Amino acid sequence: MTALMELRGACRCYGSGAARVQALDHVDLDIAAASSIAIMGASGSGKSTLLNILGGLDRLDGGSYRVDGRDISKFGDNKLSAMRLRRFGFVFQGFHLIPQLNVLENIELPLYYRGVDNVTARRRALRLAGRFGLENRIHHLPAQLSGGQQQRVAIARALANEPDILFADEPTGNLDSASGAQVLDVLQQLVQEGKTLVLVTHDEAVAAAMQRLVRMCDGRVVS
Amino acid sequence: MTGRMVILWRDVVLGVTDLRRHGGRSVLTMLGIVFGVASVIAMLAVGNGASREALRQIRQLGSDVIILNAVKPAELLNQGTRHRIMSVYGLTFEDVERIKATVPGVHLLVPVKVRREQVVNPAGVVDVRLVGTKPAWFRLVMHRLMAGRLLTALDVQRRQAVAVVTDTLARRLFPLKPVLGSYVRAGGSSYRVVGVVSSVSLSGMLQSVAGAEDIYVPLSALRERNGDVLLRYKSGGSVRERVQLHRVLLKMARERDVEATAAALRTMLHRFHRRDDVKVKVPLALLRQAERTQRRFNIVLGAIAGISLLVGGIGIMNIMLASVTERTREIGVRRAIGASRADIMRQFIIETVVLAAGGGVLGVLLGFALPWLITRFSGVDTLVTGSSVVLSLLISVAVGLVFGLYPARRAALLNPVEALRHG
């Protein structure tokens with residue numbers, strides 16, 4: 001059985017000359033569908049670069065990256081954007097909600113880029129808000145929410161277009177332990193529902209909750 | 001609504017929301033557009049007003065009219081007030097006969113003799129113009145008969161001392177008693193008022209043709225009673241003038257003959273009036289004068305409007321570049337969520353257009369105020385037309401599009417990873 005995501009000889013470097021940094025150095029990685037994987041490593045080990053590559057935010061300098069057997073490293077910007085829109089969902093450490101939009105509007109954002117009509121978008125956003133216990137906060141702005149609530153809004157937003165792959169960059173990094181545990185719980189539930197989760201973390205406890213652990217050092221996968 | 005429409009509309013709504021959040025900054029940014037748009041509207045309003053005024057006047061006389069005016073020659077003006085010198089100038093009855101005999105295509109010919117007189121009535125002294133003319137006057141100048149009758153050929157033939165007065169004058173002369181049948185004493189003679197007509201007000205070059213304080217009497221009657229000599233008292237002496245006719249109005253049978261006939265008349269009159277004491281005027285030229293005014297205004301205000309819009313556009317571009325920088329991370333987030341470059345581009349262009357159009361709307365308001373002030377304080381007729389409002393709004397939207405392009409492109413080309421890391 002082929003993997004959902006398949007990285008072969010992936011290289012990515014930044015800068016040039018003496019300041020050249022090899023962020024990814026011939027990385028091979030397969031990730032199966034409906035699995036969860038944690039990527040760990042020290043700062044500068046290349047784990048964020050790896051996540052950006054897998055999430056279609058960044059491009060490889062060498063090697064290939066296939067999703068469902070299609071090499072998306074050859075995709076143009078529009079096709080890559082469409083890929084992120086339909087199949088990928090992102091959750092960030094700093095939540096990254098749009099500050100001037102309220103909870104519902106933030107959740108609706110991906111639907112809006114997909115051209116979903118107002119009524120359908122509103123219905124879906126309300127359902128997602130309800131699922132993550134935000135029904136009393138739908139007209140609040142992000143700044144009026146706690147960190148845990150904000151991260152749940154971010155997860156709801158990531159799920160709006162029903163993607164099959166979720167990318168989480170230190171999703172619990174800015175949260176207290178109670179909210180962190182809640183967010184982790186939500187993410188694990190999603191994996192049980194069949195989503196694939198790729199998660200970057202410093203936290204051993206969070207990593208342990210994943211089915212698989214990958215450690216990185218100097219742009220290489222070490223275990 | 002279709003999906004695309006919804007998207008555009010939401011961008012507009014978000015753009016407006018963003019404008020409101022940065023109220024003061026937005027208004028300052030819009031100022032250039034505001035002034036640009038306001039001057040476009042004001043410019044067109046002044047131009048339209050001039051054309052409208054010219055058209056209105058032409059409508060009262062007809063575009064097929066030629067006016068011959070007696071003008072006191074310069075050398076007579078400088079003569080001062082020495083006694084016994086008689087200024088002789090102006091149109092003559094010979095001129096009239098000559099025109100009748102030689103100029104083809106004249107539909108109406110109206111000789112006019114004017115005396116400035118004062119009428120004393122119980123309420124005080126009223127300045128009037130005693131206009132001696134023929135019945136054809138009322139077929140040429142667009143009066144409306146309000147009461148009584150007009151002058152007739154019989155009045156002229158019999159040199160009847162009858163008068164037709166304008167309604168404005170009628171109210172001033174006879175505030176209490178019925179006008180018709182009353183007598184008005186002017187120029188040493190009494191005239192029985194037989195009719196009242198609406199007053200025709202002309203301004204500018206046509207001002208002297210007809211006014212609100214006119215008393216129309218048969219030319220023959222006026223001439224019999226007052227002759228052709230006018231004694232005018234001035235500071236330190238008096239001036240005597242002999243003028244047979246002050247004005248001759250010609251109505252041509254066909255409008256297209258006006259220019260050629262006017263030229264022919266100029267040549268002919270110059271031969272018999274070497275001192276150029278007769279001027280030929282064509283109301284149609286008023287339109288051309290209005291067009292000249294309009295062109296002058298267009299050039300000046302067009303330049304101001306152009307510069308304002310340019311400066312305004314640059315200001316808007318500047319603020320949008322700042323906005324792109326401020327919102328770099330937001331752009332990164334939107335890209336991560338799946339927004340394409342085109343989506344980001346569209347968002348920022350729409351925001352710029354909303355900003356520019358907002359300035360356009362304020363400019364339209366100011367554009368209504370400016371012509372009003374111009375009319376109020378300079379008396380220049382102005383007219384704001386719907387098309388000028390639409391035009392200037394379109395211009396402001398175009399400015400938004402043009403100057404929004406660069407910031408929007410900058411936003412769209414941001415690297416998502418770097419944008420996310422920003423700030």
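Order of the sequence lines fixes the chain letters, A, B, ..., with proteins taken first and strands second; residue numbering starts at 1 for each chain. Since the structure is predicted, the reported quantities are computational estimates derived from the model, not experimental observations. Just so you know, these numbers use all the heavy atoms, side chains as well, and skip hydrogens, waters and symmetry mates.
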Between S81(A) and S340(B), what is the shortest heavy-atom contact and its length? OG-CA, 3.7 Å
Among L109(A), L80(A), L97(A), T120(A), the residue with the most heavy-atom pairs under 4.5 Å to chain B is L109(A)
Ranked by heavy-atom pairs below 4.5 Å to chain B, first place among F88(A), F90(A), F167(A) goes to F90(A)
Atom pair CG/CG of D343(B) and L85(A) - distance to nearest 0.5 Å: 8.0 Å
More than 12 foreign heavy atoms under 6.0 Å from CZ of R409(B): is that the case here? no
Tell me, for A121(A) versus chain B, whether the close heavy atoms (under 4.5 Å) come from the side chain, the backbone, both or neither. side chain
Does any heavy atom of chain B fall under 4.5 Å from the side chain of L101(A), the backbone, both, or neither of them? side chain
To the nearest 0.5 Å, tell me how far R59(A) CZ sits from N415(B) CG. 10.0 Å
Okay, R157(A) and chain B: the region with an atom under 4.5 Å from a heavy atom over there is side chain
Which region of L57(A), side chain (C-beta onward) or backbone (N, CA, C, O), has a non-hydrogen atom less than 4.5 Å from a non-hydrogen atom of chain B, or is it both or neither? both
Need one label for R329(B): side chain, backbone, both or neither, based on atoms under 4.5 Å from any heavy atom in chain A. side chain
Around atom NE2 of H26(A), are there more than 12 heavy atoms from other residues, nucleotides or ligands closer than 6.0 Å? no
Specify the closest pair of heavy atoms between R335(B) and R84(A), including all atoms of both residues, with the distance to one decimal. O-NE, 2.8 Å
Of all heavy-atom pairs between H96(A) and V333(B), which one has the smallest distance, and what is that distance? O-CG1, 3.2 Å
Output for pair (R334(B) CZ, Y112(A) OH), nearest 0.5 Å, gives 6.0 Å
For R8(A), look at atom CZ and say whether over 12 heavy atoms of other residues, nucleotides or ligands are found less than 6.0 Å away. yes
Within the supplied structure, the quantity of interest is the number of heavy atoms (other residues, nucleotides, ligands) at a distance under 6.0 Å from D218(A) CG; does it exceed 12? no
All heavy atoms of F92(A) vs all of A336(B), minimum pair found to be CZ-CB, 3.8 Å
Can you tell me which portion of D58(A) sits under 4.5 Å from chain B's heavy atoms? Options are side chain, backbone, both or neither. both
